[in-house]
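Positions are given from 1, in the same order as the sequence printed here.
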Amino acid sequence: MADGIPADADAFFAELEDNNDRDWWAANADRWRRSVRQPMEWLCEELSGEFGEAKLFRPHRDVRFSPDKAPYKSHQGALVHTSPGVGLYVQVSSGGLLTGTGWWSPERSQLDAYRAAVLEDSTGDALARIVAELESAGAEVHGDRLRTAPRGVDQRHPRIELLRHRTLLVSMDHGSPDWLATPEVVERVRADWRGFGALNKWLAVHLGGAR
């Protein structure tokens, strides 16, 4: 049984970045399972009682339409869907542990619903407060954004930065602290995911599909 995410997970991805080919992967596949996949499965299982089952992503990249033909991802991610196009995320890479949440699926109906909710003062101000609190806690707010205002929206609108978003993502980058390789990692991720709860609820309610 795993008791944390071992330091070798970071080292594995650092080496993969310099050796992203099938021969290196074949020689290190057992190491990937031992240092990356199994600890991440353990972490997600420990969190599943509160947040639900996570999907662990495959290590292979889809290179069909990409100029970068490197066959393997340089991180291991896992996602818990909380509502359509919205979820809780955790990943390990050469940079250590990252947690996140948000809305990544800019379907037309959801985009229209998002903008309408941000334009409405009561719901828009609520989102602005949630985002400001997350930023104050050290989170990075990002996503796909328009360079200018959406059509028909005044660029001087008080919530123009939120209105430019076509997706809305939040992440917390923890790096590689000592607790990463201990059972404490479960509580650290749990705390982040709980902290993302208000944003997830807002997105679920205003984009549709709350559960």
Side-chain angles (χ1 to χ4, degrees), residues 17 51 54-55 57-58 61-70 73-175 189 192-211:
E17 289 169 6
F51 300 102
K55 171 189 175 182
F57 293 105
R58 296 180 59 188
R61 296 180 62 248
D62 184 352
V63 300
R64 290 174 297 173
F65 308 108
S66 174
D68 179 2
K69 299 302 181 183
K73 297 173 184 175
S74 58
H75 60 273
Q76 173 66 66
L79 177 72
V80 177
H81 285 278
T82 56
S83 62
V86 179
L88 295 162
Y89 182 71
V90 61
Q91 81 169 32
V92 64
S93 70
S94 64
L97 185 79
L98 178 143
T99 63
T101 194
W103 163 54
W104 67 86
S105 179
E107 295 181 6
R108 184 75 249 177
S109 61
Q110 286 194 321
L111 184 57
D112 290 344
Y114 170 81
R115 287 179 179 162
V118 177
L119 284 166
E120 176 65 35
D121 284 342
S122 60
T123 52
D125 284 344
L127 178 60
R129 286 193 298 271
I130 291 168
V131 168
E133 289 171 2
L134 287 168
E135 289 180 314
S136 294
E140 178 186 357
V141 178
H142 49 104
D144 181 26
R145 288 161 43 99
L146 297 173
R147 291 186 179 181
T148 59
R151 183 176 299 177
V153 175
D154 190 332
Q155 293 197 36
R156 296 168 296 178
H157 192 284
R159 292 182 293 280
I160 189 61
E161 294 305 315
L162 288 172
L163 287 162
R164 286 182 175 140
H165 279 269
R166 289 169 44 85
T167 64
L168 183 61
L169 305 171
V170 170
S171 60
M172 295 282 284
D173 189 348
H174 291 281
V189 176
D192 283 0
W193 283 7
R194 286 176 176 173
F196 298 149
L199 177 60
N200 276 8
K201 183 177 180 180
W202 191 99
L203 292 168
V205 169
H206 297 292
L207 302 184
R211 52 175 211 186

Do the non-hydrogen side-chain atoms of [X] and [Y] ever get within less than 4.5 Å of each other?
X: V189; Y: H174; value: no
X: D68; Y: R61; value: yes
X: E107; Y: P84; value: no
X: L134; Y: M172; value: no
X: L168; Y: W202; value: no

Hey, is the main chain of S83 close enough, under 3.5 Å, to the side chain of H81 for a donor-acceptor pair?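 The answer is no, because no donor-acceptor pair under 3.5 Å joins these two groups.
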Say whether, by atom type as modelled, one donor and one acceptor occur between the side chain of R159 and the main chain of V118 under 3.5 angstrom.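 Yes, because the side chain of R159 sits within donor-acceptor range (under 3.5 Å) of the backbone of V118.
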Between [X] and [Y], which heavy-atom pair has the shortest distance, and what is it?
X: R164; Y: R147; answer: NE-O, 3.8 Å
X: A113; Y: L207; answer: CB-CA, 4.4 Å
X: L146; Y: R115; answer: CD1-NH2, 3.4 Å
X: P150; Y: L163; answer: CG-O, 3.3 Å

Could you tell me how the ring of F51 sits relative to the ring of W193: parallel (under 30°), tilted (30 to 60°) or perpendicular (over 60°)?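 F51 vs W193 ring planes: perpendicular.
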Classify the angle between the aromatic ring planes of W103 and Y114 as parallel (below 30°), tilted (30 to 60°) or perpendicular (above 60°).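 W103 vs Y114 ring planes: tilted.
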Quick one: which residue pairs count as a salt bridge (charged side-chain N to carboxylate O under 4.0 Å, His left out) with a foot in residues 128-137, not counting sequence neighbours?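 Qualifying pairs, neighbours excluded: none.
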With sequence neighbours excluded, give me every salt bridge (charged side-chain N to carboxylate O under 4.0 Å, His left out) pair touching residues 86-105.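 Applying salt bridge (charged side-chain N to carboxylate O under 4.0 Å, His left out) to every pair that reaches into residues 86-105, excluding sequence neighbours, yields nothing.
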CZ (R58) with more than 12 external heavy atoms under 6.0 Å: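 Incorrect, the count does not exceed 12.
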For H142, all residues meeting side chain to side chain contact (heavy atoms under 4.5 Å, CB included), sequence neighbours excluded: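 Result, side chain to side chain contact (heavy atoms under 4.5 Å, CB included) vs H142: E140, L169, S171.
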Looking at residues at least two apart in the chain, or sitting in another chain, which of them share a side chain to side chain contact (heavy atoms under 4.5 Å, CB included) with S122?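 Applying side chain to side chain contact (heavy atoms under 4.5 Å, CB included) to S122 gives E120.
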Start with the C-alpha gap between F196 and T82, add the side-chain angles, then the distance that decides, and say whether side chain to side chain contact (heavy atoms under 4.5 Å, CB included) holds. CA-CA 11 Å; F196 298 149; T82 56; over 6 Å; no
Donor-acceptor pairs under 3.5 Å, side chain of residues 85-99 to any protein atom, not counting sequence neighbours: which ones?
from: Y89; atom 1: OH; to: Q91; atom 2: OE1; distance (Å): 2.7
from: S93; atom 1: OG; to: G95; atom 2: N; distance (Å): 3.1
from: S94; atom 1: OG; to: E17; atom 2: OE2; distance (Å): 2.8
from: T99; atom 1: OG1; to: D192; atom 2: OD2; distance (Å): 2.7

How long is the span from the NZ atom in K73 to the CG atom in D62, to the nearest 0.5 Å?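 So the gap between those two atoms works out to 9.0 Å.
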Find the distance between CG (D125) and CD1 (I130) and round it off to the nearest 0.5 Å.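 Rounded to the nearest 0.5 Å, the CG-CD1 separation comes out at 11.0 Å.
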The criterion is ring pair (Phe, Tyr, Trp, His ring centres under 6.0 Å); which residues satisfy it with H75, sequence neighbours excluded?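 H75 satisfies ring pair (Phe, Tyr, Trp, His ring centres under 6.0 Å) with no residue once adjacent residues are dropped.
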Step by step, would you call L127 with L199 a side chain to side chain contact (heavy atoms under 4.5 Å, CB included)? CA-CA 7 Å; L127 178 60; L199 177 60; 3.7 Å; yes
